[in-house]
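Scroll down for the structure; my scribbles are underneath it.
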Amino acid sequence: MAAAGLAGLAGLFAVYKPAGVAWSRVREAVETRLLRELNAAPGRPPRQRVRFLPAPAPGGGGALELVAARVPVLADHPLVLGPRFRKLKIGAGHRLDVKASGVFVLGIGHGNKLLTDLYNCHLTKVYTVGGLFGKATDDFSDTGNLVEKTTFDHITREKLERILAVIQGTNQKALLMYSNIDMKTQEAYELAVKGLIRPMGKSPPIITAVRCIQFALPEFQLEIHCLHETQQYLRKLVHEIGLELKSSAVCTQVRRIRDGVFTVDDALPRTQWNLQSIQEAIRNCQLKVETELEKTLGHGENSPLHQLGGDMAEHARQERP
Amino acid sequence: RRMLCRAAGPPSTRQLREAEEAAPVFQYAGKAAKRSDRVFVWGFSFSGALGIPSFVKPDASWKKPRRIQTTPYRLETQEKISSAACGYGFTLLASNTRDITKVWGMGLNKDSQLGFQRSRRDQTKGYEYVLEPSPIPLPLEKPQQTRVLQVSCGRAHSLVLTDNEGVFTMGNNSYGQCGRKVVEDEIYSESHLIHQLKEFDSRVVQVVCGQDHSLFRTKKGTVYACGWGADGQTGLGHYNITSVPTKLHGDIAGVNIIQVSSYGDCCLAVSDEGDVFGWGNSEYLQLASVTETTQVNVPRHLPFKIGKVKEAACGGTGNMVLTEEGNVFVWGYGILGKGPNLIETAVPEMIPPSLFGWSDFSPDIRVAHVRCGLSQFAALTNKGELFVWGKNLRGCLGTGRMEDQYFPWRVTVPGEVVDVACGVDHMVSMVRSFT
């Protein structure tokens, strides 16, 4: 029974990290909950053994005779062994800092190997960033120490969109430059036309697309698609947008709504951090992850999908229509 | 004894809030803040064409002369520049003002293409190289009423178009490109002569300089030409020199031409119905779609099936047109912008709009203007971004590198690019700031 629970726990799933907690605490909370549920399920019944136990003779008093009895082995007693599962291998994907919230990918068991492959795919992440004009703080968020207050009534949506277009333009250039392709080849031209050029190695943070979804002075909200970024970089970006508009801005909210193939709809809220929902989430996301990895890294003999386990792959193949 | 004072401790939430509300508010820009207009230059600087003297003659001993400026550099100007033109080693900037000084020039002045620039060391001689934007004295009748509309520069001559005093020409006239009679053994350097042209059938609205010829487009839609004609670039039906602006016929007779373009020895004209006409040099397949000859001396209609054409631009060996839908087509010889494999084509090929920033995320990006230098191309989008490609001669592309660019590449300019002028080895752009 417990073995069945453990078999379903190998793969990737996404969790919604709330703001105000560190990512390590979220990972530990999920691990503790899973361990509790796995240990609560009844385990294997203890082994039985035939032992000859002394029992009083049916005849006269005082005489003992050995009677065969089937007794459970003490070595299999739960109080002797302790809880069956003490640790689970849960790995974390792209991290989120304390003030940010959103989709947080975790891998369990053999799925941890897929985490490195997903990292090597270099897929874009989408954030919803909220900002506030009129203030500048030292750590670029609204909870930092105040540095300066400025006016902002001269800012219009048109000016903001102009700045966003320029940011997108310079980052497009950075995208081409860090992709390590020789610009003089026909291959580079064809990739540039299709828009498939992407840095497939280490690079500074690059923003592939920005747009303004809400604008109500002094607040505004941006949707940012980016690569290799940190949440503090996005807060700094909001601060620099404020400077470009001859005012100042702080970041009020950073929320990741998409991490590669995992979206907010796939992310489990805190009420669903239990064994059954996680197993279901792993099953639902498996197909998406496999197709993405095949597309980007190619299907080879050494592909981790083969190593994931014959029965899991079988199960996935049966689920495909 | 109770202490009447207390240690400070970390500020409480209430103290922080009150400190924040009491903080002074700074204003950097008011509600009516206007966007400023700036000029950015880049390319080869030793000819003085960039207009920054410290690149050629450093003003501090530790500074080194900068031969090539590979990225856009701000040029400070006194007035707002409305029109700029790059010639072969020199630049003209013109402003729409009613002040006495309307045109400034910098760069090579060996043929007086920037007028007479009196030397400060010797009052009888003139400067051969002008390193800073210096005013050009135009012999206007009403200098405080006339406005300069447009300037254009060729290899060694320049044209200035005014709104009601005709066209002023200066510089080399050995082929009659200034529109006056060719004088044998004339010395063009340190010459005070600026010729005025007024005899056209209607007001001139655009002037264009080719390498050694000049084209004038009038309000009625006719085109006049003068200058060297050995490649047929004057379009007058012969291969001789013309020293008086003469009307062109051929396929453009009776057609209302709305734009003319030329920089080398080939010329293109666009009519109001979106047709393209070409004449001049065709050694690089520029006109090979209609004829096998390498020189065409009468304007010929180019039957391209690419849609209604809005704007055309001619380079030295390649040509480019922009259609009403916002697509860019290139043909000719050289680095055309479709990768290293496309070197020459006689039929226009379209450059995919995704290279100009068009995508599903931003579907309303269109190319608004196209410009050509001698071996480079430039395109301006409606969002104010500048894309360049072609041969990177002495850093003229402005990309920051010295290599040639085989497909459109963004130039990082701190502002919205309104117009750009391309020369042989340098470029000038007029930019509006963001806020």
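Chain letters run A, B, ... following the sequence lines, proteins first, then strands; residues in each count from 1. Only a predicted model underlies this, so the values are computations on that prediction, with no experimental measurement involved.
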*Please round to the nearest 0.5 Å and tell me the distance separating atom CG of B:Leu374 and atom CG of B:Asp425.*
9.5 Å
_Distance in Å, B:Ser83 OG paired with B:Asn96 CG, rounded so as to fall on 0.5 Å steps_ = 9.5 Å
*CD1/B:Ile343 to CG/B:Leu336 distance, rounded to the nearest 0.5 angstrom?*
8.5 Å
*For A:Leu245, is it the side chain, the backbone, both, or neither that has a heavy atom closer than 4.5 Å to a heavy atom of chain B?*
both
For chain B and chain A, what donor-acceptor pairs lie under 3.5 Å, backbone included?
residue: B:Glu20; atom: O; partner: A:Lys149; partner atom: NZ; Å: 2.7
residue: B:Glu20; atom: OE2; partner: A:Lys135; partner atom: NZ; Å: 3.4
residue: B:Phe26; atom: N; partner: A:Lys149; partner atom: O; Å: 2.8
residue: B:Phe26; atom: O; partner: A:Thr151; partner atom: N; Å: 3.0
residue: B:Tyr28; atom: OH; partner: A:Glu148; partner atom: OE1; Å: 3.4
residue: B:Tyr28; atom: OH; partner: A:Glu148; partner atom: OE2; Å: 2.5
residue: B:Ala29; atom: O; partner: A:His154; partner atom: ND1; Å: 3.2
residue: B:Asn341; atom: N; partner: A:Gln186; partner atom: OE1; Å: 3.1
residue: B:Ser354; atom: OG; partner: A:Val193; partner atom: O; Å: 2.6
residue: B:Thr412; atom: OG1; partner: A:Lys173; partner atom: NZ; Å: 2.8
residue: B:Glu416; atom: OE1; partner: A:Arg162; partner atom: NE; Å: 3.4
residue: B:Phe434; atom: O; partner: A:Arg162; partner atom: NH1; Å: 2.3

*Step through the shown structure and confirm whether more than 12 heavy atoms of other residues, nucleotides or ligands are within 6.0 Å of CZ on A:Phe152.*
yes
*Check whether any side-chain heavy atom of B:Thr323 sits under 4.5 Å from a side-chain heavy atom of B:Met350, and report yes or no.*
no
*asked:* For the OG1 atom of B:Thr77 and the CG atom of B:Asp37, what is their distance to the nearest 0.5 Å?
replied: 9.0 Å
_Which atoms of B:Pro414 are under 4.5 Å from chain A, going by heavy atoms: the side chain, the backbone, both sets, or neither?_
neither
*What residue, out of B:Pro352, B:Pro11, B:Pro408, has the most heavy-atom pairs lying under 4.5 Å from chain A?*
B:Pro352
_Heavy-atom contact with chain B under 4.5 Å, split by part of A:Val147_ = neither
*So, B:Trp42 side chain and B:Tyr73 main chain: donor-acceptor pair closer than 3.5 Å or not?*
no
_Around atom CZ of B:Phe356, are there more than 12 heavy atoms from other residues, nucleotides or ligands closer than 6.0 Å?_
yes
